[in-house]
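For reference, the structure is listed below as structure tokens.
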2 protein chains.
Amino acid sequence: MTKQSGALTLIDLDTATPCCPPLAQQPLPAETAAVLAPAFKALGDPVRLQLMSMIASAPGGEACVCDLTPAFELSGPTISHHLKTLREAGLVDSERRGTWVYYRARATILRQLAGLLAADAPS
Amino acid sequence: MTKQSGALTLIDLDTATPCCPPLAQQPLPAETAAVLAPAFKALGDPVRLQLMSMIASAPGGEACVCDLTPAFELSGPTISHHLKTLREAGLVDSERRGTWVYYRARATILRQLAGLLAADAPS
DNA sequence: CGTCTAGGTTGACATCTATCAAAACAACGT
DNA sequence: ACGTTGTTTTGATAGATGTCAACCTAGACG
């Protein structure tokens, strides 16, 4: 579950993306758009966006599912499903340690997405 | 269509959002996530992401629908629908000038979204 | 007015998505 | 082995989404 040995994730942004000529600098090639869009799509749900921020801002850089789930009025399976979506979008990694599963944000991807949206115009 | 006089758009990010404590700095409140998610959602489609980049990178900062449509192998209505989605997400503005309609990126929002994703950790 | 062209709206349809209950799986404690 | 607790998978369902064809609207130009 944790280490996606080899090429497991649907989208491996790290390798597949030359990435990040700021959006406003030059038109995104269709292939690049196709690779990046799923990441934005994953962030396009309020629950997942909140999950993402909880994970990214968690002390130690990781958050336990057991801490994430009770923060929402949603069933366990639903939270698990959203976490899976984030994982498949390449936004987080998961690791099981004993009974609990911890999620960790992939800073690289976040930085890439931020760079994409960054206005080149300084202000 | 162009000036949303008063409060028209579903999401008015400019006013509704205190916005942009970097995602990884503190957990996003549910209400903020609910406001921001639709913007990411709008970017979560390859066609719209490409449209967005074409508009944002267009000379003069604006692009005519007549230039956008032929760049895709999609029907006019479909492109129009995607542009509407971007508009309702607060990502673009549209203005009719004579026969043609021009779309323009909202730099403010893009900067807000970029700020959200920006890793506070320098590297 | 009539008519052309550029865009948008409506209606329909196939696919995807968010959600839950129920079941399955994983690790720990007895 | 057995039961308990944490997490994921499966199946089902209501609702959202992307797409098109057909139709409608807005200007421009005679």
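Convention: sequence-line order gives letters A, B, ...; per-chain numbering from 1. The analysis underlying the following values was restricted to heavy atoms, covering all of them including side chains, and did not include hydrogens, waters or symmetry mates.
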Legend entry - Stepwise side chain to side chain contact (heavy atoms under 4.5 Å, CB included) check, B/L113 with B/L43: CA-CA 11 Å; B/L113 297 180; B/L43 294 176; 4.2 Å; yes
Let me know the distance between [atom1] of [X] and [atom2] of [N], rounded to the nearest Å.
X      : N      : atom1 : atom2 : answer
B/L74  : C/dG7  : CG    : P     : 16 Å
B/L86  : C/dG8  : CG    : C1'   : 15 Å
A/L68  : D/dG6  : CG    : P     : 14 Å
B/D67  : C/dG7  : CG    : P     : 8 Å
B/L49  : D/dT17 : CG    : P     : 17 Å
A/Q50  : C/dA18 : CD    : C1'   : 16 Å
B/E95  : D/dA26 : CD    : P     : 17 Å
B/W100 : D/dT25 : CH2   : C1'   : 17 Å

Going by side chain to side chain contact (heavy atoms under 4.5 Å, CB included), name the residues that satisfy it together with [X], two or more places apart in sequence or in a different chain.
X      : answer
B/A114 : A/L117
A/P29  : A/E31, A/T32
B/T69  : B/V65, B/I79
A/A63  : A/I55, A/A58, A/L68

Extract from the structure each pairing of a protein N or O with an N or O of nucleotides 14-17 of chain C at less than 3.5 Å, listing the distance.
from   : atom 1 : to    : atom 2 : distance (Å)
C/dT17 : OP1    : A/K41 : NZ     : 2.6

Inset, instruction - Specify the residues of residues 55-65 of chain A, ordered by number, for which at least one heavy atom lies under 4.0 angstrom from an atom of DNA chain D. - result: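 Close to the strand are A/C64, A/V65.
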Between N or O atoms, less than 3.5 Å apart, protein on one side and nucleotides 22-30 of chain C on the other: list the pairs.
none

Legend entry - Pairwise disulfide (SG to SG under 2.5 Å) hits with a residue in residues 26-61 of chain A, at least two apart: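 Sorted result for residues 26-61 of chain A: empty, none.
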Inset, instruction - Could you name each residue pair satisfying disulfide (SG to SG under 2.5 Å) that touches residues 46-100 of chain A, not counting sequence neighbours? - result: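 Of all non-adjacent pairs touching residues 46-100 of chain A, those that pass disulfide (SG to SG under 2.5 Å) are A/C64-A/C66.
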Inset, instruction - May I ask you to verify if any side-chain N or O of B/Y103 is less than 4.0 angstrom from the OP1 or OP2 atom of C/dG8? - result: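 Result: yes.
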Inset, instruction - Establish, with yes or no, whether the OP1 or OP2 oxygen of D/dG18 is under 4.0 angstrom from a side-chain nitrogen or oxygen of B/T78. - result: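 Result: no.
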Inset, instruction - Report the distance from atom CG of A/L28 to atom CG of A/L36, rounding to the nearest 0.5 Å. - result: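 If we round to the nearest 0.5 Å, A/L28:CG and A/L36:CG are 6.0 Å apart.
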Inset, instruction - Taking only the side-chain heavy atoms of A/H82 (C-beta and beyond), determine which of D/dG6, C/dT19, C/dA6 contains the nearest atom. - result: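 Taking heavy atoms from C-beta onward, the closest nucleotide is C/dT19.
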Inset, instruction - If a pair satisfies side chain to side chain donor-acceptor pair (under 3.5 Å) and one of its residues is in residues 47-68 of chain A, list it, with sequence neighbours excluded. - result: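 Residue pairs with at least one partner in residues 47-68 of chain A: A/R48-A/H82, A/E62-A/R97, A/E62-A/R104.
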Inset, instruction - Select base, sugar-phosphate, or nothing to describe what B/I79 touches, counting heavy atoms under 4.0 Å on all strands. - result: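 Answer is nothing: B/I79 stays at 4.0 Å or more from every strand.
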Inset, instruction - Please name all residues satisfying side-chain hydrogen bond (donor to acceptor under 3.5 Å, both in side chains) with A/T99, sequence neighbours left out, ordered by chain then number. - result: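 Expected list: none.
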Legend entry - Residues in side-chain hydrogen bond (donor to acceptor under 3.5 Å, both in side chains) contact with A/H81, at least two apart in sequence or another chain: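 Not a single residue meets the side-chain hydrogen bond (donor to acceptor under 3.5 Å, both in side chains) criterion with A/H81.
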Legend entry - Heavy-atom side-chain proximity of A/T85 to A/L91 below 4.5 angstrom: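 Of all side-chain heavy-atom pairs linking A/L91 with A/T85, none is under 4.5 Å.
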